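Structure first, commentary second.
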Amino acid sequence: MQKAQGYSNTRTYDLVLTAILIALVFVATVFLNIKLPITANGGLIHLGTAMLFLASILFGPKKGAIAGAVGMAIFDLMAGWVLWAPFTLVTRGLQGYLVGKLAWSKGRQGNSFAVNLLATLLSVPIMLIGYYLCEWILYGNPITPFASIPGNLVQNAVGIAISLPLSAILKKMNITAR
């Protein structure tokens with residue numbers, strides 16, 4: 001009986017933690033964003049990317065992928081970017097998974113600043129390619145999506161600049177996965 005109860009508590013903890021991370025990504029995307037006037041679709045810089053990176057570094061690939069994918073896809077649905085939501089779900093899920101997988105590789109559990117930096121940098125092309133394909137499909141033009149790349153690069157740079165120092169601080173405070 002004890003073993004079954006411990007399993008249930010772990011599953012409940014994981015479910016609650018994942019829900020909190022999804023909410024964190026969503027709130028950071030909704031309330032901390034700047035619409036860019038540089039492209040036809042505007043483009044958006046938000047702090048949801050920083051929270052995606054943070055969730056992936058602190059809690060690993062599964063929670064990071066789910067938090068980024070679901071949190072930002074819900075934002076797309078609620079903000080009127082409905083056609084973008086499936087692309088966001090896949091793109092941000094892959095981005096969060098890669099960051100978490102690399103940050104937690106070889107037993108590091110997100111404790112290496114250098115690996116975390118490399119992981120976040122290596123995840124940027126996933127976002128760029130994912131949203132490039134999204135815009136190409138939605139707009140029917142392979143040239144138009146290039147205009148969004150500068151904004152996407154800035155969004156990732158801001159996310160990296162915020163998430164890496166914050167994750168290092170939270171790691172020192174022992175804010176980690178069970």
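The structure presented is a predicted model; accordingly, all values stated were derived computationally and were not measured. Throughout, numbering of the chain's residues begins at 1 and tracks the sequence.
- Applying side chain to side chain contact (heavy atoms under 4.5 Å, CB included) to Arg92 and the options Asp76, Thr49, Ile66, Val25 leaves one that passes, Thr49.
- Using a 4.5 Å cut-off between side-chain heavy atoms of Ile, Leu, Val, Met, Phe, Trp and Tyr, with links allowed through other members, Ile137 and Leu83 fall into the same hydrophobic cluster.
- Residues Gly93 and Ala65 share a closest heavy-atom pair of O-CB, 3.3 Å.
- A salt bridge is defined here as a Lys NZ or Arg NE, NH1 or NH2 lying under 4.0 Å from an Asp or Glu carboxylate O, and Asp14 with Lys63 meets this definition.
- Cluster annotation: Val154 is connected to Ile162 through the hydrophobic network of ILVMFWY side chains, with a link wherever side-chain heavy atoms come within less than 4.5 Å.
- Separating the CG atom in Leu153 from the CE atom in Met127 is a distance of 8.5 Å, to the nearest 0.5 Å.
- In this structure, the side chains of Asn116 and Phe53 stay at 4.5 Å or more apart for every pair of heavy atoms.
- Distance check, rounded to the nearest 0.5 Å: CE of Met72 to OG1 of Thr88 gives 8.0 Å.
- Between Leu21 and Phe59, the closest side-chain pair of non-hydrogen atoms falls below 4.5 Å.
- Taking CD1 of Ile74 as the reference point, atom CZ of Phe26 lies at 7.0 Å (rounded to 0.5 Å).
- In this structure, the side chains of Leu170 and Leu54 come closer than 4.5 Å at one or more pairs of heavy atoms.
- The side-chain heavy atoms of Trp84 and Leu138, taken from C-beta on, include a pair separated by under 4.5 Å.
- Under the 4.5 Å side-chain criterion, counting only non-hydrogen atoms from C-beta, Leu128 is in contact with Val124.
- Residues Thr120 and Asn156 form no side-chain contact, since every pair of their non-hydrogen atoms from C-beta on lies 4.5 Å or further apart.
- Checked by atom type, the side-chain pair Glu135/Ser148 shows a donor-acceptor distance below 3.5 Å.
- Clustering ILVMFWY residues whenever any of their side-chain heavy atoms sit less than 4.5 angstrom apart, transitively, puts Leu98 in a cluster other than the one holding Leu121.
- The two residues Lys171 and Gly110 make their nearest non-hydrogen contact at CE-O, 3.6 Å.
- Across Phe113 and Pro165, no two heavy atoms sit closer than the pair CE1-N, 4.4 Å.
- Between atom CG of residue Leu77 and atom CZ of residue Phe75 there is a gap of 10.5 Å, rounded to the nearest 0.5 Å.
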After noting the C-alpha distance and the side-chain angles of Phe31 and His46, does the key distance pass the side-chain contact (heavy atoms from CB on, under 4.5 Å) rule? CA-CA 8 Å; Phe31 294 110; His46 55 75; over 6 Å; no
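- A heavy-atom distance below 4.5 Å is found between the side chains of Leu117 and Leu164.
- A continuous path of ILVMFWY side-chain contacts below 4.5 Å connects Val99 to Leu17, so both sit in one hydrophobic cluster.
- Annotation for Leu102 and Ala119: closest pair CB-CB, 3.6 Å, computed over non-hydrogen atoms.
- Counting only distance, with no hydrogens or angles, the side chain of Trp104 and the backbone of Ile57 share a donor-acceptor pair below 3.5 Å.
- Nearest heavy atom pair, residue Leu52 against residue Gly64, reads CG-O, 4.4 Å.
- You'll find the side chain of Gln109 stays beyond 4.5 Å of the side chain of Leu58, heavy atoms only.
- By the 6.0 Å contact criterion, OH on Tyr131 is enclosed, its count of non-hydrogen atoms from other residues, nucleotides or ligands being greater than 12.
- In the hydrophobic cluster analysis, where Ile, Leu, Val, Met, Phe, Trp and Tyr join through side-chain heavy atoms closer than 4.5 angstrom, Leu133 is grouped apart from Ile143.
- From Ser56, atom OG reaches atom OH of Tyr97 across 11.0 Å, with rounding to the nearest 0.5 Å.
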